[in-house]
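Letters go in sequence order (proteins before strands), and every chain restarts at 1. Model, not experiment: these values are computed from the prediction.
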Protein chains: 2
Amino acid sequence: MDTAPWTVPSVECPSRTVLEVLANKWVLYVLGALQQHGEPMRFNQLGRTLPGITQKMLTQTLRTLERDGLVARRVYPTVPPRVEYELTSLGHKAGRLTVLIGEWALAHVDQILTARTAFDHRAATTPAPLS
Amino acid sequence: MDTAPWTVPSVECPSRTVLEVLANKWVLYVLGALQQHGEPMRFNQLGRTLPGITQKMLTQTLRTLERDGLVARRVYPTVPPRVEYELTSLGHKAGRLTVLIGEWALAHVDQILTARTAFDHRAATTPAPLS
DNA sequence: CTGCATCCTAAACGATACTG
DNA sequence: CAGTATCGTTTAGGATGCAG
């Protein structure tokens, strides 16, 4: 046995759809933001925290996270409406993972950027081994 | 200060492109497979381990991982050609994260699947609060 | 065996306009 | 404020065929 349970699954295995929840840029950012902010955040507050996200993507991301039970949506029937989002305990566990991922990224930006440059340089100079 | 460095970056910040490396389904699977197999794997061996992946996606994924310095590609000039892929130390660090993600997914499949069903049920029954 | 190149479809995404 | 709806474009991805 050289594979863990989550690598075995066939394409139809539900655990894959679950793992793939986190294989998403905005999901990582949203979870990370909520995780680090510590308390519930409002829709536009979240939007302002995430440069580059569109309203559409924010809505969509929050919906799927809510659907999967990672985020709780709380609506205050005031006017104008006030909607807050916060991590559930399940979302909190995922949030901790996204923070780890963020830390890994931050710790190795330089190394990876260097690797990319080197690779691209090689690709640009080696393509013709003999002519 | 309520945001960690990796949440602040503007759209052009390089650390984002790095974080987004892991925001990819096949990257997670490939890193996970290599991480757990422990030793170098050949192209088709990797392919067989990952049900549903196409040759194109496997190649593409391995290339970007190689470019980013997470995976090392070793070619044995035999015939037929033998190509092995293994995690670099940087890739190993990422690999450990992907294993954590896989474990998180596996541990909460049921909970998430249940949440989805409940949400969809609510969505199917509540849409008309008043008519 | 390990790939690259091509075509083509499906899905993701951005922009914009509109609503309670 | 917090969305929904639609449209048009971009991108990802699958299938196939060919090559070292």
Side-chain angles (χ1 to χ4, degrees), chain A residues 11 16-17 20-30 33-34 40-67 71-86 119 122-124 126-131, chain B residues 11-12 16-17 20-30 33-34 40-67 71-86 119 122-123 126-131:
Chain A
V11 198
R16 287 183 61 140
T17 76
E20 288 162 20
V21 165
L22 297 187
N24 179 301
K25 171 180 152 179
W26 292 121
V27 163
L28 295 184
Y29 286 134
V30 167
L34 286 172
M41 292 180 77
R42 300 185 57 172
F43 185 84
N44 283 338
Q45 180 184 14
L46 216 27
R48 267 176 274 113
T49 307
L50 275 18
I53 199 171
T54 60
Q55 193 184 51
K56 180 182 178 178
M57 291 315 294
L58 183 53
T59 301
Q60 191 177 112
T61 303
L62 286 170
R63 282 298 164 281
T64 66
L65 288 177
E66 185 194 1
R67 181 171 112 104
V71 159
R73 180 170 180 268
R74 205 183 306 283
V75 182
Y76 299 88
T78 60
V79 40
R82 175 190 186 86
V83 182
E84 290 186 342
Y85 295 90
E86 64 179 327
F119 183 92
R122 250 174 292 137
T126 8
L130 178 65
S131 71
Chain B
V11 201
E12 321 78 45
R16 287 182 63 138
T17 77
E20 289 162 20
V21 165
L22 296 187
N24 179 301
K25 174 179 153 179
W26 292 122
V27 163
L28 294 184
Y29 285 135
V30 167
L34 286 172
M41 292 181 77
R42 300 186 56 174
F43 185 83
N44 282 339
Q45 180 185 13
L46 216 28
R48 267 176 275 115
T49 308
L50 276 17
I53 198 172
T54 60
Q55 195 182 51
K56 181 183 178 178
M57 291 315 294
L58 182 53
T59 301
Q60 191 177 111
T61 304
L62 286 170
R63 282 298 162 282
T64 64
L65 288 177
E66 186 194 359
R67 181 171 111 105
V71 159
R73 181 171 180 265
R74 205 182 307 282
V75 182
Y76 299 87
T78 61
V79 42
R82 176 191 185 85
V83 182
E84 290 187 343
Y85 295 90
E86 64 178 328
F119 182 93
R122 250 174 290 135
T126 6
L130 178 64
S131 75

- Does NZ or CZ of A:Arg63 come closer than 6.0 Å to the centre of the six-membered ring of B:Phe119, within 45° of the ring's axis? no

Is the positively charged end of B:Arg42 above the ring of B:Tyr76, judged by distance under 6.0 angstrom from the centroid and angle within 45° of the axis? no

Round to the nearest Å and state the distance from [X] atom [atom1] to [N] atom [atom2].
{"X": "A:Glu20", "N": "D:dA12", "atom1": "CD", "atom2": "P", "result": "17 Å"}
{"X": "B:Met57", "N": "C:dA10", "atom1": "CE", "atom2": "P", "result": "17 Å"}
{"X": "B:Ile53", "N": "C:dG3", "atom1": "CD1", "atom2": "C1'", "result": "14 Å"}
{"X": "A:Lys25", "N": "C:dA11", "atom1": "NZ", "atom2": "P", "result": "20 Å"}
{"X": "A:Gln55", "N": "C:dC18", "atom1": "CD", "atom2": "C1'", "result": "11 Å"}

Of the candidates C:dG14, D:dC1, D:dG14, the side chain of B:Thr54 sits closest to D:dG14

inquiry  = Using a distance-only criterion (donor-acceptor N/O pair, under 3.5 Å, no hydrogens), is the base of D:dG13 paired with the side chain of B:Gln60?
reply    = no

Fill in: Quiz item: B:Gln45 side-chain donor-acceptor pair to C:dC1 base, under 3.5 Å
no

Whichever of A:Pro80 and B:Glu84 has the more 5' nearest nucleotide on DNA chain C, that residue is B:Glu84

Note to self: When you compare the side chains of B:Gln45 and B:Tyr85, does any donor N or O come within less than 3.5 Å of an acceptor on the partner?
What the structure shows: no

